[in-house]
There are 2 protein chains.
Amino acid sequence: MITNKNCIIRLSRYKNALYRLQALGFVKVFSDNLADAVGGTASQVRKDFSIFGISGNKKGGYQIDSLLEKMNSILGKDQLQKVVVVGAGHIGSALMRYRGFEKEGIKIVAGFDIDPAKINRSNPVPVLPLEEAKSFIKSNGIRIAILAVPDIAAQQAADLICASGIKGILNFAPLGLKSGDGCIINNVNLEIELENLIYFVNVTEKTK
Amino acid sequence: MITNKNCIIRLSRYKNALYRLQALGFVKVFSDNLADAVGGTASQVRKDFSIFGISGNKKGGYQIDSLLEKMNSILGKDQLQKVVVVGAGHIGSALMRYRGFEKEGIKIVAGFDIDPAKINRSNPVPVLPLEEAKSFIKSNGIRIAILAVPDIAAQQAADLICASGIKGILNFAPLGLKSGDGCIINNVNLEIELENLIYFVNVTEKTK
DNA sequence: ATCATATTGTTCTATTTTTCACAATAACAT
DNA sequence: ATGTTATTGTGAAAAATAGAACAATATGAT
């Protein structure tokens, strides 16, 4: 089993680059093309492919359509992924309206909030009371949730949805969460991302 | 010079955890407390500190306030960071309204968009025409930008703001950008984050 | 048919990152 | 004062990751 997160992230990037190349009319691709496209080395592309059991043709490179097929299968994109958003504040609402997930086979099917003012059952993506989250998640077999609640509420909300059957949480709360049982948490911390960027901008300024 | 991005990210996490501990009334902290708080090992906490030249007291742990002072200085948080958002769509607008940056000393001072319908000069965070970005960035000495435009427009927008003096871009467009000259690009790719989460949820389901 | 060439796939090497282990030592107890 | 203990700080070991190198080989040229 592959545990290298960066490796999986590269796989996603390869896939995205391949779609762009395909749209431009390319049918096959070489490891160095792909390396260029995602900003890596040709060696690493081939190494990654080898890890995933993807093979090409000596001197002939890789067929883009068959590459995409394999990658999509590895990434679990052969079936629509239904996702819920917990927290309908600025970030949560923006994610519910964001169209970028559709082309990736990811569909946000509902949002949840404790604030009655945020409830709206007739939205394209309905926003429901948090109390309904458990039954909704269970009856729809949802496994993935996006958590976009204020940090104070984050752990409690995480516990709730984990107990409801959620297996993976993309956490936007600026706070590390404890995940009980078999629930995986990936953090997207915008403050930290910006801080990080600021740090590297500062140090490169200084050393210049 | 430290080039290890994860190390800097951990530093931010330590800092955030320290603020929480401080709010709870703690005055000093030990490496294993911090490790618990951020989900790491005590060894790594001490090693990280050692890398940054942060030292504590044998048997006495670390004084939280002095730790925070040093970390904030390393992370460049001794001065307010002014940031602009390019692209006032769902994500861009949500970021402009997001309050979480303030407490980190990060202030979004303006947004920019090409769509005249999005322009609003009287907003708390004004949204201005993209044509004004260059002069605004230059005259206000902005170094950091958040890029939240559709992928088609991303490279062009990145080039524009780099040429205007931006030194670091937090890129939300689901696309790797080429950065000319001395501009650093950090990518936040939500589709890839979700894909990654789905992958790991799938593999842990299978192996269970 | 043979040769030259381009490209993969994989092994081996180098680098980076994390973890372990323990000496040094400050605080506390007796 | 002396001894005991808890905790840091760091050097060395281990693990993980990335990169280089090159043999294998399919393709196309002559």
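So you know, we letter chains A, B, ... as the sequences are listed, proteins then strands, and number each from 1.
- Side-chain contact check for M96(B) versus H90(A): every heavy-atom pair is 4.5 Å or farther apart.
- Contact check on E102(A) versus K107(A) returns no salt bridge, with no Lys/Arg side-chain nitrogen under 4.0 Å from an Asp/Glu carboxylate oxygen.
- F52(B) is linked by a ring pair (Phe, Tyr, Trp, His ring centres under 6.0 Å) to nothing, counting only residues two or more places apart in sequence or in another chain.
- For the atom pair F26(A) CZ and Q22(A) CD, the distance stands at 12.0 Å (nearest 0.5 Å).
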Test log, rule side chain to side chain contact (heavy atoms under 4.5 Å, CB included), inputs F49(B) and L67(B): CA-CA 10 Å; F49(B) 284 9; L67(B) 269 188; 3.8 Å; yes
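- Between A94(B) and A94(A), the shortest heavy-atom distance links the atoms CB-CB, 3.5 Å.
- Sorted by residue number, the members of residues 2-23 of chain A with any non-hydrogen atom under 4.0 Å from DNA chain D read N4(A), R10(A).
- If you check the side chains of N189(A) and R13(B), you find no donor sitting under 3.5 Å from an acceptor.
- Counted within 6.0 Å of CD on Q156(A), heavy atoms from surrounding residues, nucleotides or ligands total 12 or fewer; the atom is thus considered open.
- Running 5' to 3' along DNA chain C, contacts with non-hydrogen atoms of chain A at under 4.0 Å begin and end at dT5(C) to dT11(C).
- Looking at residues 25-33 of chain A, you'll see that no heavy atom sits under 4.0 Å from any atom of DNA chain D.
- Within a 6.0 Å sphere centred on CD1 of I114(B), other residues, nucleotides and ligands contribute 12 heavy atoms or fewer.
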Verdict with supporting geometry, L95(B) and L190(A), side chain to side chain contact (heavy atoms under 4.5 Å, CB included): CA-CA 9 Å; L95(B) 293 173; L190(A) 302 178; 3.5 Å; yes
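- For S93(A), the side chain to side chain donor-acceptor pair (under 3.5 Å) test picks out no residue, with sequence neighbours left out.
- Here the CG-OG distance, from D78(A) to S73(A), works out to 5.5 Å after rounding to the nearest 0.5 Å.
- A heavy atom lying under 4.0 Å from DNA chain D marks the following residues of residues 42-75 of chain A, by number: S43(A), Q44(A), R46(A), K47(A), K58(A), K59(A).
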